[in-house]
Amino acid sequence: MNRSISSLRRLFSSLRLVAALCIGLSFAALAQGAMDGPRWLLLTGIPATALVLTILGDVAEPLRTNIAMSGLRSGGPRAFAPAVVNGVKTVDKKTGRPVLDGRSVESVFAFDLTVMPDELPAYRVQVIHPLDLQGLLHRSRAVVEYDPEQPWRVAIPNNPPREWLDRANSVSPPAEVKERVGGFPAGFRTLVMGVALAAVLLVPVRLLG
């Protein structure tokens, strides 16, 4: 299992480096073409940069959100934490509006939770799932699995470890709760790496040109 996770992390790291290289080349071509480079650089850099920004915009996550992402990152870090169940309601899976018929195939459960990790302040999220996991319609405590690096990614395991269930049932609601969870959007570090690479590429070009 650990070997598979390590392989996935190496793969994602390699893909991030390739993406950063593509971003750096497209930005460098656009900047050089816009300043005094050949026109073909500008004509190449504009669509390439537009494509890069479109892709990053599609995969980006909100910087601040109180809605948990669906599922955890493959191969990413994860940890268990107790949570307080503030409420559960059925909503339309397309619009997110409350619905009366919880048995409809178009409806899902929206779990309003206060997650209480050991290393982070307690924060509030909403997790969407088609099933009533852990019987939370009739319980006030839950066990969640979250990403310590991107805490807005929260999942509700169906069969959490017994020791975590016991811990969740014994915790008290926190005195202070963060209503929104902050973080960098997906692709932000890759974008920064690409911009830095573009700057590095432009310096010798400008000095030698």
Side-chain angles (χ1 to χ4, degrees), residues 1-6 8-9 12-13 16 59-100 102-103 107-190 192:
M1 181 67 177
N2 291 335
R3 184 176 300 175
S4 300
I5 292 175
S6 298
L8 285 172
R9 287 180 177 173
F12 288 131
S13 297
R16 177 176 291 179
V59 302
E61 297 159 5
L63 285 175
R64 308 181 69 82
T65 178
N66 62 347
I67 304 298
M69 296 298 296
S70 57
L72 301 171
R73 293 181 294 168
S74 178
R78 56 194 62 193
F80 289 108
V84 174
V85 182
N86 303 307
V88 182
K89 59 184 178 181
T90 53
V91 299
D92 186 278
K93 63 181 179 182
K94 294 181 179 178
T95 65
R97 296 178 179 176
V99 296
L100 296 177
R103 298 181 180 180
S107 65
V108 292
F109 291 100
F111 302 95
D112 183 359
L113 307 173
T114 297
V115 182
M116 297 178 288
D118 289 332
E119 69 278 9
L120 295 171
Y123 60 93
R124 193 165 179 170
V125 295
Q126 188 177 108
V127 181
I128 305 296
H129 199 278
L131 301 177
D132 176 22
L133 298 169
Q134 299 182 30
L136 298 186
L137 279 171
H138 309 288
R139 298 184 59 185
S140 60
R141 297 293 186 272
V143 175
V144 301
E145 199 169 8
Y146 72 101
D147 186 331
E149 295 180 356
Q150 298 180 358
W152 59 89
R153 290 184 177 272
V154 178
I156 305 175
N158 193 31
N159 295 300
R162 169 54 60 180
E163 59 268 25
W164 280 100
L165 280 173
D166 294 339
R167 180 175 174 180
N169 290 329
S170 63
V171 298
S172 301
E176 296 184 5
V177 178
K178 293 179 64 175
E179 290 296 326
R180 304 180 76 85
V181 184
F184 291 112
F188 179 78
R189 292 183 178 86
T190 305
V192 171

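The first residue in the sequence is number 1, and the count goes up from there.
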So do the side chains of N158 and L131 get within less than 4.5 Å of each other, counting heavy atoms only? no
Mind listing the closest non-hydrogen atom pair of L136 and D132 along with its distance? N-OD1, 2.9 Å
Heavy-atom closest pair (V115 atom, A83 atom, distance to 0.1 Å) is CA-CB, 4.1 Å
So which heavy atom on I156 is nearest to which on L133, and how close? O-CD1, 3.1 Å
What side-chain donor-acceptor pairs closer than 3.5 Å can you find for residues 140-148, not counting sequence neighbours?
unit_1, atom_1, unit_2, atom_2, d
R141, NE, V171, O, 3.2
R141, NH2, V171, O, 3.3
Y146, OH, E119, OE1, 3.3
Y146, OH, E119, OE2, 2.5
D147, OD1, R73, NH2, 3.2
D147, OD1, E149, N, 2.9
D147, OD1, Q150, N, 3.3
D147, OD2, R73, NE, 2.7
D147, OD2, R73, NH2, 2.8

Do V85 and L113 come close enough that some side-chain heavy atom pair is under 4.5 Å? yes
In Å, rounded to the nearest 0.5 Å, how long is the span from CZ of F109 to OG1 of T90? 7.0 Å
Going by the rule side chain to side chain donor-acceptor pair (under 3.5 Å), which residues pair with N169 if we only count those two or more places apart in sequence or in a different chain? R139
Heavy-atom closest pair, residues V108 and K93: CG1-CB, 3.7 Å
Would V154 and F111 satisfy side chain to side chain contact (heavy atoms under 4.5 Å, CB included), going step by step from the backbone distance to the final call? CA-CA 11 Å; V154 178; F111 302 95; over 6 Å; no
Nearest-0.5 Å distance that lies between atom CG in L165 and atom CG in N159: 9.0 Å
Can you tell me how far OG of S172 sits from CE of M116, rounded to the nearest 0.5 angstrom? 8.0 Å
Minimum-distance pair of heavy atoms, taken over all atoms of F80 and P157: CE2-CG, 4.1 Å
Tell me whether E176 at atom CD has more than 12 heavy atoms from other residues, nucleotides or ligands lying less than 6.0 Å away. no
I need the minimum non-hydrogen distance between Y123 and P117, along with the two atoms involved. CE2-CG, 3.7 Å
So do the side chains of R97 and V99 get within less than 4.5 Å of each other, counting heavy atoms only? no
